[in-house]
Chemist: 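Could you have a look at this structure, given as structure tokens, before my questions?
Residues take their numbers from the sequence shown, with the count starting at 1.
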Amino acid sequence: MSDGDKMRVESIENIDKKKVKVVLEDGTILPLYKGELKKYDIKEEALLKEEQVDFLKEDLLYKRAKERALYILERSDKTKKQLEDKLSGGSYPPDIIKKVISFLEAYGYIDDESYARNFVSVYIESKSIMYIQTKLLQKGIDKNLVDDILEEYKESSVYNPKKLIREIVNRKRFVYKEGNYKENNKIVSHLL
């Protein structure tokens with residue numbers, strides 16, 4: 001239990017060879033390096049002062065999560081959800097993740113609308129609308145945003161479903177053969 005302005009360490013669990021998960025009595029999880037346990041004198045059942053918990057969360061973990069997020073984004077663009085998932089996988093507390101996401105959005109490092117528009121522009125001539133929509137929804141893009149962007153492309157001259165169908169049929173080297181119901185059905189199913 002809390003002792004005034006102190007928080008008890010419930011448990012310390014290994015994440016990997018270098019990192020541990022420090023679980024506080026209120027359920028807060030602090031992913032720390034093993035060396036930091038000694039540095040900040042953190043042990044099971046120890047009482048941590050509120051200032052120490054604030055330092056660990058706001059200074060140490062926030063900076064670390066922000067650096068991790070920027071490193072991830074350096075490699076490739078990500079959606080808000082993808083980045084949240086990556087940081088959650090690193091056991092960062094939800095409030096820290098939210099703060100990092102807000103920072104990244106404020107500086108334009110993540111922008112789901114821009115991500116979706118780029119994704120659509122890359123795949124609109126080679127993939128179906130359903131494929132694009134499914135992939136964007138899996139990446140955590142809002143359904144209404146996806147629908148709006150796809151509607152814009154459907155109305156533009158860029159989107160040409162007949163051309164796309166011809167390309168797919170040519171790529172599959174399909175030639176309509178009378179009487180070969182199985183092959184005809186296979187290509188129709190693929191196109192649908």
Side-chain angles (χ1 to χ4, degrees), residues 1-2 5-120 122-123 131-150:
M1 290 286 170
S2 280
D5 62 346
K6 294 185 179 181
M7 185 81 61
R8 186 166 42 94
V9 175
E10 287 288 319
S11 66
I12 299 174
E13 305 164 17
N14 287 328
I15 294 176
D16 57 31
K17 290 180 181 178
K18 296 179 183 179
K19 289 179 88 176
V20 294
K21 186 179 355 180
V22 176
V23 181
L24 302 180
E25 67 182 311
D26 68 351
T28 300
I29 295 174
L30 307 172
L32 300 172
Y33 289 101
K34 289 182 178 180
E36 291 169 338
L37 293 178
K38 290 178 187 165
K39 182 177 181 179
Y40 300 113
D41 194 31
I42 300 172
K43 302 174 199 132
E44 284 192 14
E45 301 300 320
L47 292 175
L48 303 179
K49 292 181 181 176
E50 188 176 332
E51 301 83 37
Q52 190 176 11
V53 173
D54 288 344
F55 166 78
L56 291 171
K57 284 177 69 176
E58 299 302 320
D59 291 342
L60 190 69
L61 291 181
Y62 172 68
K63 287 177 185 173
R64 187 175 293 153
K66 189 166 63 170
E67 287 174 10
R68 175 75 179 135
L70 290 169
Y71 175 79
I72 291 167
L73 290 171
E74 201 175 85
R75 302 282 178 242
S76 67
D77 287 342
K78 300 286 182 213
T79 65
K80 179 179 174 180
K81 182 185 181 307
Q82 287 175 314
L83 208 49
E84 287 172 344
D85 292 347
K86 288 270 191 192
L87 293 175
S88 291
S91 298
Y92 290 103
D95 55 328
I96 297 295
I97 294 172
K98 186 176 180 182
K99 191 174 173 183
V100 169
I101 295 296
S102 294
F103 166 82
L104 295 171
E105 286 178 324
Y107 285 94
Y109 288 111
I110 54 173
D111 179 356
D112 283 358
E113 182 176 352
S114 176
Y115 182 96
R117 287 187 184 284
N118 289 337
F119 190 91
V120 170
V122 167
Y123 291 106
Y131 172 87
I132 294 170
Q133 183 180 38
T134 302
K135 286 296 183 186
L136 288 173
L137 293 175
Q138 287 173 350
K139 293 173 184 291
I141 306 288
D142 180 67
K143 184 177 182 346
N144 293 329
L145 177 61
V146 172
D147 291 344
D148 290 346
I149 292 170
L150 289 173

Chemist: Quick one, Tyr40 with Phe55, criterion ring-ring contact (aromatic ring centres under 6.0 Å, His included). Give me CA distance, side-chain angles, the key distance, then yes/no.
Modeler: CA-CA 11 Å; Tyr40 300 113; Phe55 166 78; 5.6 Å; yes

Chemist: Do you know which of Arg75, Glu67, Glu74 makes side-chain hydrogen bond (donor to acceptor under 3.5 Å, both in side chains) with Tyr71?
Modeler: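 So the option named by the test is Arg75.
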
Chemist: Quick check: closest heavy atoms across Val100 and Ala69, and the distance to 0.1 Å?
Modeler: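 Smallest interatomic distance, heavy atoms only, reads CG1-CB, 3.9 Å.
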
Chemist: If you draw a 6.0 Å radius around CZ in Phe103, do more than 12 non-hydrogen atoms from other residues or ligands fall strictly inside?
Modeler: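 Counting neighbours around CZ of Phe103, more than 12 heavy atoms of other residues, nucleotides or ligands fall under 6.0 Å, so yes.
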
Chemist: Less than 4.5 Å apart, any side-chain heavy atom of Val22 and any of Leu56?
Modeler: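 Sidechains of Leu56 and Val22: no contact.
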
Chemist: Check Lys19 against Gly90 and note the closest heavy-atom contact, atom names and distance.
Modeler: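 Nearest pair, atom of Lys19 first, then Gly90: NZ-O, 4.3 Å.
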
Chemist: Is there side-chain contact between Glu84 and Lys80, with heavy atoms separated by less than 4.5 Å?
Modeler: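 Yes, side chains in contact.
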
Chemist: Answer yes or no: is there an ion pair linking Lys81 with Asp85, defined by an N-O contact shorter than 4.0 Å?
Modeler: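 Here Lys81 pairs with Asp85 in a salt bridge, since their nearest N and O are under 4.0 Å apart.
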
Chemist: Would you say that Asp77 contacts Asp111 through its side chain, given a criterion of any heavy-atom pair below 4.5 Å between the two side chains?
Modeler: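 In short, these two side chains do not touch, never coming nearer than 4.5 Å.
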
Chemist: Could you tell me if the side chain of Val53 sits less than 4.5 Å from the side chain of Thr28, heavy atoms only?
Modeler: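 Counting from C-beta outward, Thr28 and Val53 never come under 4.5 Å.
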
Chemist: Nearest 0.5 Å please: distance from the CE atom of Met7 over to the CD atom of Gln52.
Modeler: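 Reported value, rounded in 0.5 Å steps: 11.5 Å.
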
Chemist: Would you check if Asp112 and Asp142 make a side-chain contact, meaning some heavy-atom pair closer than 4.5 Å?
Modeler: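 Heavy-atom side-chain distance check fails, nothing below 4.5 Å.
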
Chemist: Does Asp147 pair with Lys143 as a salt bridge, N-O distance under 4.0 Å?
Modeler: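 A salt bridge is present here (some side-chain N lies under 4.0 Å from a carboxylate O).
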
Chemist: Within the side chain of Thr79, is there an N or O that forms a donor-acceptor pair under 3.5 Å with the backbone of Gly140?
Modeler: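 Not confirmed, Thr79 side chain does not pair with Gly140 backbone.
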
Chemist: Taking Leu48 as the fixed residue, which of Leu24, Asp54, Asp5 is the one that meets the side chain to side chain contact (heavy atoms under 4.5 Å, CB included) rule?
Modeler: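 Checked Leu24, Asp54, Asp5 against Leu48; only one passes side chain to side chain contact (heavy atoms under 4.5 Å, CB included): Leu24.
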
Chemist: Do Pro93 and Pro31 have side-chain heavy atoms sitting under 4.5 Å apart?
Modeler: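 Side chain of Pro93 against side chain of Pro31, heavy atoms only: contact under 4.5 Å found.
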
Chemist: Can you tell me how far CG of Leu145 sits from CG of Leu136, rounded to the nearest 0.5 angstrom?
Modeler: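 CG of Leu145 is found 8.5 Å from CG of Leu136.
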
Chemist: Roughly how far, to the nearest 0.5 Å, is the CD1 atom of Ile97 from the OG atom of Ser102?
Modeler: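 CD1 of Ile97 is found 12.0 Å from OG of Ser102.
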
Chemist: Run Leu70 and Leu104 through side-chain contact (heavy atoms from CB on, under 4.5 Å) and show every step you take.
Modeler: CA-CA 8 Å; Leu70 290 169; Leu104 295 171; 3.7 Å; yes

Chemist: Here's a test for you: under side chain to side chain contact (heavy atoms under 4.5 Å, CB included), which of Ile101, Leu73, Leu83 qualifies with Tyr109?
Modeler: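 Filter result, single survivor: Leu73.
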
Chemist: Answer yes or no: is there a side-chain heavy-atom contact under 4.5 Å between Ile141 and Phe119?
Modeler: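 Side chain of Ile141 against side chain of Phe119, heavy atoms only: no contact under 4.5 Å found.
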
Chemist: Quick one: closest heavy-atom pair of Gln133 and Leu150, and the distance?
Modeler: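 Looks like CB-CD1, 3.8 Å.
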
Chemist: To the nearest 0.5 Å, how far apart are CD1 in Ile96 and OG in Ser88?
Modeler: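 Here the rounded value is 12.0 Å.
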
Chemist: Is the shortest heavy-atom distance from the side chain of Leu32 to the side chain of Leu61 under 4.5 Å?
Modeler: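 The answer is yes; the side chains approach within 4.5 Å.
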
Chemist: To the nearest 0.5 Å, how far apart are NZ in Lys34 and CD1 in Ile15?
Modeler: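 The NZ atom of Lys34 sits 10.0 Å away from the CD1 atom of Ile15.
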
Chemist: Could you state the interatomic distance from CD1 (Ile29) to CD (Glu13), rounded to the nearest 0.5 Å?
Modeler: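 Nearest 0.5 Å value for the CD1-CD distance: 7.5 Å.
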
Chemist: With Arg68, which residues qualify under side chain to side chain donor-acceptor pair (under 3.5 Å), at least two apart?
Modeler: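 Checked Arg68 against side chain to side chain donor-acceptor pair (under 3.5 Å); zero matches.
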
Chemist: Determine which pairs satisfy salt bridge (charged side-chain N to carboxylate O under 4.0 Å, His left out) with at least one residue from residues 36-49, sequence neighbours left out, and list them in order.
Modeler: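 Pairs touching residues 36-49 that pass the test: Arg8-Glu45, Glu36-Arg64, Asp41-Lys43.
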
Chemist: Dump the intermediate steps for side-chain contact (heavy atoms from CB on, under 4.5 Å) on Tyr123 and Lys135, then the final yes or no.
Modeler: CA-CA 11 Å; Tyr123 291 106; Lys135 286 296 183 186; over 6 Å; no

